[in-house]
Visitor: 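Let me give you the structure first, and then I'll get to my questions.
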Amino acid sequence: MPALLAIAAGWTDWRSRRIPNWLTVPGLLLGIATNSWLRGWAGAKDALLGAGLGLLLLLPFVLIRSLGAGDWKFVGALGAFLGPQNLLTVLVLGILVNGLMAAVMVVRKKRVRQTLRNMGRMLAAFLSIHLPSSDLTLDNPELVKVPFGVAVAIAVLVYAGRRAWGAS
């Protein structure tokens, strides 16, 4: 089930740079219901903890406008399916895939120098406990933006593939 959610979310994020509520909200509810039905209270607890962990970890990035709310809700829905431990594995892999995608996009668009400058500005804002300026958020159409939902979808498919082939 999480692989199907990932394929749908990754596809819509790739095509429109959005992950709609009609996909994430039912995904969250289905993840909780499925785990509850299959494993009882323990499954319900894992689903709620996974969803809560995903939403909690990514909320700061949504608040500073460096991650879209659809991506955030998608990760929460995945947490409901995967539980907290498996979600952390998928998130770490998703962040690595996202970094690789970002590096390729920045090099292809010949924006390496500007990207390094922007990263320095973001780090300075973080270290001085300030929000980054608005030109460093999702609102700036000039920035190179990586579809995080696509990276997480790839991570889910890799994770599901590894589990299907018996690798842990």
Side-chain angles (χ1 to χ4, degrees), residues 1-106 122 126 131-132 136-139 143-168:
M1 263 323 199
L4 292 176
L5 175 64
I7 289 168
W11 178 256
T12 59
D13 197 22
W14 179 262
R15 302 267 305 175
S16 66
R17 292 295 205 257
R18 295 181 47 103
I19 302 174
N21 288 338
W22 62 259
L23 188 59
T24 57
V25 174
L28 173 74
L29 297 174
L30 188 60
I32 294 168
T34 301
N35 275 313
S36 299
W37 183 64
L38 292 174
R39 297 182 35 237
W41 288 112
K45 180 181 137 192
D46 273 353
L48 292 170
L49 286 173
L53 179 65
L55 294 171
L56 184 67
L57 286 176
L58 297 183
L59 181 61
F61 300 100
V62 174
L63 293 175
I64 65 169
R65 303 278 308 132
S66 66
L67 184 71
D71 298 312
W72 177 63
K73 290 178 273 187
F74 170 45
V75 170
L78 285 175
F81 276 107
L82 300 173
Q85 289 179 318
N86 296 330
L87 178 68
L88 285 176
T89 302
V90 165
L91 266 180
V92 168
L93 183 56
I95 290 167
L96 293 173
V97 170
N98 196 67
L100 180 61
M101 289 171 63
V104 168
M105 289 175 74
V106 164
M122 290 175 78
F126 175 75
L131 291 175
L136 296 177
T137 68
L138 291 174
D139 301 323
L143 293 179
V144 175
K145 298 172 190 144
V146 181
F148 187 67
V150 173
V152 173
I154 291 168
V156 169
L157 296 176
V158 168
Y159 177 79
R162 285 181 49 103
R163 289 195 52 133
W165 290 99
S168 34

Visitor: Restricting to non-hydrogen atoms, name the atom on Asn35 and the atom on Phe81 that form the minimum distance, rounded to 0.1 Å.
Guide: ND2-O, 3.1 Å
Visitor: What pairs with Leu48 under side chain to side chain contact (heavy atoms under 4.5 Å, CB included), at least two apart in sequence or on another chain?
Guide: Ile32
Visitor: May I ask you to test the Phe148-Leu58 pair for a side-chain heavy-atom distance under 4.5 Å?
Guide: yes
Visitor: Which pairs pass salt bridge (Lys or Arg N to Asp or Glu O under 4.0 Å) with one or both residues in residues 12-24, sequence neighbours excluded?
Guide: none
Visitor: I need the Ile7 CD1 to Ile154 CD1 distance, nearest 0.5 Å.
Guide: 11.5 Å
Visitor: Scan for side-chain hydrogen bond (donor to acceptor under 3.5 Å, both in side chains) pairs involving residues 54-63, sequence neighbours excluded, and state none if there are none.
Guide: none
Visitor: Ala153: what forms a side chain to side chain contact (heavy atoms under 4.5 Å, CB included) with it, not counting sequence neighbours?
Guide: Ala6
Visitor: Which residues pass the side-chain hydrogen bond (donor to acceptor under 3.5 Å, both in side chains) test with Arg39, sequence neighbours left out?
Guide: Asp46
Visitor: Using the side chain to side chain contact (heavy atoms under 4.5 Å, CB included) criterion, which residues pair with Thr89? Sequence neighbours excluded.
Guide: Tyr159
Visitor: Considering non-hydrogen atoms only, spot the tightest contact between Trp72 and Val62 and give its length.
Guide: CB-CG2, 3.4 Å
Visitor: Name all residues meeting the side chain to side chain contact (heavy atoms under 4.5 Å, CB included) criterion together with Leu4; count only those two or more places apart in sequence or in a different chain, and write none if there are none.
Guide: Met1
Visitor: Restricting to non-hydrogen atoms, name the atom on Ala44 and the atom on Ser36 that form the minimum distance, rounded to 0.1 Å.
Guide: CB-OG, 3.2 Å
Visitor: Any side-chain heavy atom of Val75 within less than 4.5 Å of one from Leu87?
Guide: yes
Visitor: Applying side-chain hydrogen bond (donor to acceptor under 3.5 Å, both in side chains), name anything that partners Asp71, two or more places apart in sequence or on another chain.
Guide: none
Visitor: Among Leu28, Thr12, Leu5, find the one that has a side-chain contact (heavy atoms from CB on, under 4.5 Å) with Phe74.
Guide: Leu5
Visitor: For the atom pair CD1 (Ile19) and NZ (Lys73), what is the distance rounded to the nearest 0.5 Å?
Guide: 9.5 Å
Visitor: What are the two closest non-hydrogen atoms of Ala151 and Gly94, and how far apart are they?
Guide: CB-O, 3.6 Å
Visitor: CG/Leu88 to CG/Leu93 distance, rounded to the nearest 0.5 angstrom?
Guide: 12.5 Å
Visitor: Using 0.5 Å steps for rounding, measure from the CG atom of Leu91 to the CG atom of Asn98.
Guide: 11.0 Å
Visitor: Quick one: which residue pairs count as a salt bridge (Lys or Arg N to Asp or Glu O under 4.0 Å) with a foot in residues 74-93, not counting sequence neighbours?
Guide: none
Visitor: Applying salt bridge (Lys or Arg N to Asp or Glu O under 4.0 Å) as the test, list every pair that has at least one member in residues 25-35; sequence neighbours left out.
Guide: none
Visitor: What are the two closest non-hydrogen atoms of Ala47 and Ala80, and how far apart are they?
Guide: CB-O, 3.2 Å
